[in-house]
Structure formats: C-alpha cells, structure tokens
Amino acid sequence: MYHNPVLLAQSVDGLSIKENGIYVDVTFGGGGHSKEILSRLGPEGKLFAFDQDEDALANSIDDERFTLIQENFRFLRQFLKFYGILKVDGILADFGVSSHQFDEADRGFSIRFEADLDMRMSKKNERSAYDVVNTYSQEKLAKVLFEYGELRNANAMAKEMIAHRAEKPIKTTEQLKVVLKRFLPKMKENKILAQIYQAIRIEVNEEIEVLKAFLLQAPEVLKKGGRLSMISYHSLEDRLVKRFIRDGKFEGEAEKDFYGNIDVPLKKVGGLIVPSADEIATNNRARSAKLRIAERI
C-alpha cells in the first residue's frame with residue numbers, strides 16, 4: 001500500500017504551477033504528488049514522472065498529459081531529451097523510501113520484518129544488501145556505517161560482521177540483528193537498527209551519488225523562473241540540498257563573478273518547511289521530512 005504523500009499541498013504549491021507548463025515528478029511512488037500536479041494543469045500541460053521501482057508501474061495514471069518513465073531520476077536530462085523535452089517549468093522530488101517499500105516485508109527495508117538482505121529500490125540493480133554485508137572489506141563497511149548511518153561504533157560493528165561472515169554468510173535481516181546484538185541496547189535498539197539499515201540501503205542504491213547527479217542536472221533542465229521543490233528525510237540529503245541551493249556545488253566556496261558576486265544557478269524561495277503536528281499524527285513517515293524550494297535564476 002502507498003500511503004499519503006508527505007507535505008502534499010506545500011510541495012506542489014512550491015512549484016507555482018502554470019496551467020500549460022511542463023513538470024516532472026522524479027519520485028512517482030504511489031502517484032500522490034503527480035495526481036495533485038495534474039489536477040492543477042490545464043489541457044495543454046504535461047507531467048513526466050520517474051520511478052525505478054517496478055511496483056510503482058501499477059499506479060500509473062491514465063491521462064494523456066502524463067508519462068511515466070521507469071528509470072532512476074539520475075537520468076533526468078537524458079530521458080527528458082528522449083521525449084523531446086529540453087526545458088521544464090518545475091521539478092518535484094520526494095527523496096527516501098516509499099511507505100510501500102517499507103511495508104513489503106520481502107524487500108528487506110524495514111526493521112519490523114524478517115527478510116533476505118536485499119534493499120534494492122530496483123530489482124535491476126546488481127548489488128544488494130547481502131553483497132554489501134558479505135563482501136565489503138572492514139574498512140569499506142565501517143565507512144558506509146559511519147558516513148551514511150552516522151554510527152559512532154561503525155568500526156566495531158564492521159569488525160563483528162566480518163568475524164561472523166567468516167564462518168557463514170549473513171543472509172537475513174534477523175541474522176544481521178543477532179550479529180550486531182551487543183550494539184543494540186534495549187532502549188535504543190530500533191533507533192540504531194534504523195541507522196544501520198539506512199546506511200546499507202543508501203550504499204546499495206547509491207542514493208547520495210544519485211542525489212548529486214540529479215541536483216547538478218536540475219538547473220540545466222529548468223527554465224528561468226522554474227521551480228524545484230524537494231523533500232528530504234535525513235540530514236545527509238538535506239545538507240546536500242541546502243548547500244547546492246546556496247552555493248551551486250557540494251564542496252568549497254560558491255563561484256563568484258568578476259565583481260565578487262556569488263554566481264549560482266538557483267535561489268531559495270521562502271524558508272525550510274516541515275510538516276504540522278497534525279500531519280505527523282496521521283502520517284508517521286512525515287516526522288523527519290524537510291521541504292526546500294528553489295527557483296532557477
């Protein structure tokens with residue numbers, strides 16, 4: 001089941017939709033954001049949506065203004081070009097894992113279910129969570145856990161995983177939990193497990209590389225005055241989004257022109273938007289959501 005889209009009105013409002021504009025929803029999922037965009041478009045408007053997850057195809061919308069592209073949004077520019085689209089009026093992105101992916105036990109995304117170590121957002125991906133846990137070196141595993149899970153015990157956890165897999169592979173989410181049991185104190189077990197799963201999932205799906213590739217392409221495909229509306233769920237994503245809007249890059253100082261003025265492709269629109277207490281009460285997935293809106297200069 002695909003749950004209610006997060007920050008629905010605010011994220012679509014942020015696009016400042018023109019009736020006959022061309023828009024992109026790069027994270028289609030259950031189609032909630034796409035349906036809202038279509039409801040605001042006129043007969044000449046167009047909406048393209050991306051989703052690499054095969055399950056999302058079942059939610060495709062029967063509307064001649066709508067095209068669903070079964071691909072990762074890291075290929076944004078390439079596939080828009082394939083459809084003859086060089087510039088668009090707005091792009092919406094709701095990063096993170098869909099409720100459906102968490103709720104499908106056999107996908108291995110959720111700490112609630114016993115499942116094979118998979119965590120692939122697309123079954124076309126060759127690398128799964130099993131590969132990360134059972135083939136990475138201690139150094140590489142520790143780096144994944146520290147950088148993507150922000151886990152202070154990353155090195156000790158990696159060492160424990162290496163020791164266990166030397167005897168037999170770690171095949172399921174439950175086995176991984178047992179292996180790391182000593183790092184999971186009763187009061188914090190779910191929080192730490194969620195960080196471990198997040199780290200492995202980000203590595204499996206190359207989520208940080210995908211986000212960077214998308215952000216670099218977005219200003220190129222946006223028309224002047226076009227809007228970018230982006231929802232992040234953890235600090236790693238949000239920091240990249242915030243930094244890119246401000247500096248037009250991920251590291252170092254923003255580019256400056258001859259006169260010392262900052263030369264960046266985007267400007268932020270308004271401040272950070274977070275869900276209301278009411279939305280969080282009815283949709284638990286919204287609790288960590290952060291929406292940032294930018295405009296192409």
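In what follows, residues are counted from 1 in the order of the sequence shown.
Nearest heavy-atom pair across Gly248 and Pro265 is CA-CD, 4.0 Å. Looking at every heavy atom in both residues, Leu41 comes nearest to Lys18 through CD2-O, 3.5 Å. Taking all atoms of both residues into account, the shortest heavy-atom contact from Ala142 to Ala158 is N-CB, 3.7 Å.
Tyr136 carries Lys140 over the face of its six-membered ring, with the cationic atom under 6.0 Å from the centre and within 45° of the normal.
At least one side-chain heavy atom of Gln70 sits less than 4.5 Å from a side-chain heavy atom of Leu57. The closest side-chain heavy-atom distance from Leu86 to Lys81 is below 4.5 Å. Inter-residue side-chain proximity for Val26 and Phe214 is flagged as met; some heavy-atom pair is nearer than 4.5 Å. Put simply, the side chain of Val179 does not reach to within 4.5 Å of the side chain of Glu174, judged on heavy atoms. The shortest distance between side-chain heavy atoms of Phe50 and Asn72 does not fall below 4.5 Å. Counting heavy atoms from C-beta outward, Glu160 and Arg182 have side chains that approach closer than 4.5 Å. Side chains of Leu15 and Leu92 form a contact here, defined as non-hydrogen atoms less than 4.5 Å apart. The closest side-chain heavy-atom distance from Glu279 to Val6 is below 4.5 Å.
Counting only distance, with no hydrogens or angles, the side chain of Ser39 and the backbone of Glu36 share a donor-acceptor pair below 3.5 Å. A donor-acceptor pair is defined here as one N or O able to donate and one able to accept, closer than 3.5 Å; such a pair exists between the side chain of Asn205 and the backbone of Met121. Of the possible polar contacts, none joining the Arg74 side chain to the Glu209 backbone as a donor-acceptor pair under 3.5 Å is found. In this structure, the side chain of Asn153 does not engage the main chain of Met157 through any donor-acceptor pair within 3.5 Å. Formation of a donor-acceptor pair under 3.5 Å by the Arg243 side chain with backbone atoms of Phe250 is found in this model. Checked by atom type and distance alone, the side chain of Arg292 never pairs as donor or acceptor with a backbone atom of Ser229 at under 3.5 Å. Asn125 places no side-chain N or O within donor-acceptor distance of the main-chain N or O of Arg127, the cut-off being under 3.5 Å. Using modelled atom types, no side-chain atom of Glu19 and backbone atom of Arg40 make a donor-acceptor pair closer than 3.5 Å. Between the side chain of Gln198 and the main chain of Tyr148, a donor-acceptor pair closer than 3.5 Å is present. Within the 3.5 Å criterion, the main-chain N or O of Lys249 finds no donor-acceptor partner in the side chain of Asp247.
By the 6.0 Å contact criterion, CD on Glu255 is open, its count of non-hydrogen atoms from other residues, nucleotides or ligands being 12 or less. Surrounding NZ of Lys242 are at most 12 heavy atoms belonging to other residues, nucleotides or ligands under 6.0 Å away. Dense packing is recorded around NZ of Lys87, with more than 12 heavy atoms of other residues, nucleotides or ligands lying under 6.0 Å away. Around atom CZ of Phe79, more than 12 heavy atoms belonging to other residues, nucleotides or ligands sit under 6.0 Å away. Applying the 6.0 Å contact sphere to NZ of Lys124 captures more than 12 heavy atoms from other residues, nucleotides or ligands.
Distance check: Leu145 CG to Asn155 CG gives 9.5 Å after rounding to the nearest 0.5 Å.
Here the options are Leu117, Asp118, Asp116, the test is side-chain contact (heavy atoms from CB on, under 4.5 Å), and the partner is Ser128; only Asp118 passes. Put simply, the residue from Lys46, Arg296, Lys223 that forms a side chain to side chain donor-acceptor pair (under 3.5 Å) with Asp89 is Lys223.
Side-chain heavy atoms closer than 4.5 Å link hydrophobic residues (I, L, V, M, F, W, Y) into clusters, and following such links, even through other members, never connects Leu7 to Val274.
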Set out, in order, the CA-CA distance, both residues' side-chain angles and the distance that settles side chain to side chain donor-acceptor pair (under 3.5 Å) for Glu150 and Ser235, then state yes or no.
CA-CA 10 Å; Glu150 299 176 287; Ser235 56; 3.2 Å; yes
Stepwise, does the side chain to side chain contact (heavy atoms under 4.5 Å, CB included) test hold for Ile91 with Val88?
CA-CA 8 Å; Ile91 303 169; Val88 302; 3.9 Å; yes
Could you walk me through whether Phe28 and Phe66 pass the ring pair (Phe, Tyr, Trp, His ring centres under 6.0 Å) check?
CA-CA 11 Å; Phe28 178 68; Phe66 177 75; 5.5 Å; yes
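Under the 6.0 Å cut-off for aromatic ring centres, Phe48 and Tyr23 do not qualify, their centroids lying 6.0 Å or more apart.
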